[in-house]
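Please read the structure below before turning to the comments.
None of the values given here were measured: they were computed from a predicted structure. We use all heavy atoms of the structure for the numbers below, so side chains are in, but hydrogens, waters and symmetry mates are not.
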Amino acid sequence: MKDKKKKLKLKKYNLHPVITFILLTIFVVILSGIISGLGIQASYKEINSQTLEVQSKLVSVENLLNYNGLKYIISNAAKNFAGFVPLSNLILALVGLSVAYSTGLIDAFTRRITLNIDNKKLTFLIILFATISSLINDVGYVILIPLSAIIFSTNKRSPFLGVITAWCGVAFGYGATIFVGSSEVNLIPDTTLAARLIDSSYHVGLSSNLIIMIVSTIITSIVGTIIIEKIIAPKFKRPFYSEDLAITKEINIDKIKETEQNKLEIDAREKKGLRKTIIVCIIFLLAFAYMLIPSLPFSGLLLDLEEDTYLNQVFGVNSYFQDGFTYMISFLFIVAGIVYGINAKTIKNDKDLLEKSFLYLNNIGSLIVTLFFASQFIAVFKKSNIGNLILALCTKFISQLSFSGIALIFLVMIIIAICNLFVTTPSAKWSMLAPIVVPLMMQSNISPQFAQFILRAGDSMTKGITPLLAYFAIYIGYLNVYNNEKKSITIKEGIGYIMPYCFIMAICWIIIIIGWYILGAPIGVGINSTL
């Protein structure tokens, strides 16, 4: 008899995202100790905005595997969580959504509007709005993800797919939009300073990327819709609904008449509620717009009037518009929900409203816990300075490139996409990359404005697959909120769902950038990809 060969099979562990974030935090602490012990350092260039002189800055990793490091982790846990921006924005958004949902407003609106829209068109609209949402920082992550899940569920599609659709639209289309917004305010100063290393009088205008942004928004939305509908959607089965069961009971004419009469009454109340809600929303939006107009009586409430330009007043660092936008949207949902509930008679009193609203919020406990441990992981990673070390090493690599034209553009895009896995904020990356990338591209006859958009494209290529993106925890958390299986959705599975989108969209961004460069079409008003 021949001896049977025993094959060892590795047990597959289904780690909840919370456990994964804990393990990642421990790994970062250990890694910081190793890198710091080895003395690995890197330098990068920084431009003095006053003198335009290039200064060299040294980046080293802070050792967290010691007494002071562990003390920081323990003593700052509460601060890291309380200051975690996705948490506050999400809670603000959910308060508004819970009222609108519990009163039946969202359900009535989606049934009357979205049910008449083809699934593919609806997917396109969600991706389009998600892409445009990057105009105002990260509002799309906290508003559109839960809203998209509700819309897909109402349309008898998987809320899972709704979460994925909105997430992909925001994350992988982050570099595109149809208006000038916060990205220009954050990126243009570094682009201008870097360009003046070659030409001291160079100026980068606000609309320098406008044309390519608009076209990219349309292209990525169309491609994204195809990916969702043809590749990702077939993986998710249509949810089961009780009305799908065939009814074989004896027909009761009186009961049918009573049911039809109830439907007519409900329909009339819904129409009345929606009419009143639309009127209130229009008034609210007009008041909101008035708050953005300067130099009128009691106007400019949302503007930072200390800034010189209007764009900086709206999208600047201290902009009340940006800081308060999520609150304003949430408040709109609250007002609209209450108006609808009163007129459609879906709520009896304030107690009824609150009880129904609390029911919607009952399922987000696991999401809050996930956000807590994600906030600790991201805070520890930033404190370690590992991301900046990797970014500094990448800038050094780029500075040594001897390529030009298409090869240079392609390599820079890939390097930016890799850097984005570790440093997710575009302005943080650009402040270190611009002094190297912009002069290098100008020497290859590539305009600084085009270099800036290359940053935006590369940033979008991998934004959705890195757990270091603060809002990634919301994505993975919502997958588990809508998870009906016994086992949890792991971070690996969450990334696996969107990898086809990431891969194809990365190719799409590369084609857009290189194709635009070859065609030599204008990327903005009076601006081309070449000098």
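Scanning both residues, S529 and G520, for their nearest heavy atoms gives OG-CA, 4.2 Å. In terms of heavy atoms, T103 sits closest to G341 at CB-CA, 4.1 Å. Counting all heavy atoms, side chain and backbone alike, V142 lies closest to L90 at CG1-N, 3.7 Å. Nearest heavy atom pair, residue A473 against residue T370, reads O-CG2, 4.1 Å. Among all heavy-atom pairs drawn from W430 and A451, the shortest one is CH2-O, 3.6 Å. Across all non-hydrogen atoms, the minimal contact from W509 to A457 is CE3-CB, 3.6 Å.
Other residues, nucleotides and ligands contribute at most 12 non-hydrogen atoms within 6.0 Å of the CZ atom of F129. Under a cut-off of 6.0 angstrom, the local environment of OH in Y320 is sparse, with at most 12 non-hydrogen atoms contributed by other residues, nucleotides or ligands. No more than 12 heavy atoms of other residues, nucleotides or ligands sit less than 6.0 Å from atom OH of Y327. Within 6.0 Å of NZ in K235 there are more than 12 heavy atoms belonging to other residues, nucleotides or ligands. Counting heavy-atom neighbours within 6.0 Å of Y482 OH, excluding the residue itself, gives a total above 12. With a 6.0 Å radius and a threshold of 12 heavy atoms from other residues, nucleotides or ligands, Y310 has its OH atom above the threshold.
Residues V438 and Q452 fail the side-chain proximity criterion, which asks for heavy atoms closer than 4.5 Å. In this structure, the side chains of M461 and I414 come closer than 4.5 Å at one or more pairs of heavy atoms. Inter-residue side-chain proximity for T462 and F172 is flagged as unmet; no heavy-atom pair is nearer than 4.5 Å. The shortest distance between side-chain heavy atoms of M213 and F453 falls below 4.5 Å. A 4.5 Å side-chain heavy-atom check between F179 and T217 finds every atom pair outside the cut-off. Annotation: side chain of F315 is not in contact with side chain of N186 (no heavy-atom distance under 4.5 Å). Inter-residue side-chain proximity for P426 and Y174 is flagged as met; some heavy-atom pair is nearer than 4.5 Å. Residues L97 and I106 form a side-chain contact, since some pair of their non-hydrogen atoms from C-beta on lies under 4.5 Å apart.
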Open item on the list: Working note: T131 + T177, criterion side-chain contact (heavy atoms from CB on, under 4.5 Å); need CA distance, chi angles, decisive distance, verdict.
Closed with: CA-CA 6 Å; T131 302; T177 185; 5.8 Å; no
TODO: List the steps and the verdict of side-chain contact (heavy atoms from CB on, under 4.5 Å) for I126 and F152.
DONE: CA-CA 10 Å; I126 289 175; F152 269 62; 3.2 Å; yes
Open item on the list: side-chain contact (heavy atoms from CB on, under 4.5 Å) for T346 and E270? Distances and angles first, verdict last.
Closed with: CA-CA 9 Å; T346 57; E270 281 187 355; over 6 Å; no
Open item on the list: Test salt bridge (charged side-chain N to carboxylate O under 4.0 Å, His left out) on R456 and E184; report intermediate values, then the result.
Closed with: CA-CA 10 Å; R456 298 178 68 154; E184 279 68 35; 2.3 Å; yes
- [ ] Could you walk me through whether K429 and L391 pass side-chain contact (heavy atoms from CB on, under 4.5 Å), step by step?
- [x] CA-CA 7 Å; K429 285 193 296 289; L391 185 55; 4.3 Å; yes
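Between E229 and K121, no side-chain nitrogen of the basic residue sits less than 4.0 Å from a carboxylate oxygen of the acidic one, so the salt-bridge criterion is not met.
Side chain of S444 to backbone of S404: no donor-acceptor contact under 3.5 angstrom is found. Side-chain atoms of Q313 never come within 3.5 Å of backbone atoms of L303 as a donor-acceptor pair (strictly under, hydrogens ignored). Proximity of a side-chain donor or acceptor of W516 to a complementary backbone N or O of P522 within less than 3.5 Å is detected. S200 places no side-chain N or O within donor-acceptor distance of the main-chain N or O of R196, the cut-off being under 3.5 Å. Of the possible polar contacts, none joining the S207 side chain to the L210 backbone as a donor-acceptor pair under 3.5 Å is found. Using modelled atom types, no side-chain atom of K276 and backbone atom of N343 make a donor-acceptor pair closer than 3.5 Å. With S98 contributing its side chain and L361 its backbone, the two residues share no donor-acceptor pair below 3.5 Å. Not a single donor-acceptor pair under 3.5 Å links the side chain of S330 to the backbone N or O of T326. In this structure, the side chain of K463 does not engage the main chain of N420 through any donor-acceptor pair within 3.5 Å. S133 contributes a side-chain N or O that, together with a main-chain N or O of A130, makes up a donor-acceptor pair within less than 3.5 Å.
With values rounded to the nearest 0.5 angstrom, C419 atom SG is found 8.0 Å from I390 atom CD1. Separation of atoms CD1 (I132) and CG (L144) is listed at 10.5 Å; rounding is to 0.5 Å. To the nearest 0.5 Å, the span separating CD1 on I212 from OH on Y517 amounts to 13.5 Å. Annotation: the span from L531 atom CG to F450 atom CZ amounts to 12.0 Å, rounded to 0.5 Å. Summarising the geometry, atom CG belonging to N80 is positioned 12.0 Å from atom CG belonging to L87; distances are rounded to the nearest 0.5 Å. Rounding to the nearest 0.5 angstrom, the gap separating the CG atom in D459 from the CE atom in M413 is 10.5 Å.
Judged purely by distance below 3.5 Å, without hydrogens or angles, the side chains of S102 and S357 pair a donor atom with an acceptor atom. Between the side chains of S201 and D199, at least one donor N or O lies within less than 3.5 Å of an accepting N or O.
With respect to I514, the side-chain contact (heavy atoms from CB on, under 4.5 Å) criterion is satisfied by exactly one of I512, I518, I511: I518.
Centroid-to-centroid, the aromatic rings of Y497 and F236 come within less than 6.0 Å. Ring centroid separation for the pair Y475 and Y471 does not come in under the 6.0 Å cut-off. Residues F81 and F372 place their aromatic rings such that the two centres sit under 6.0 Å apart.
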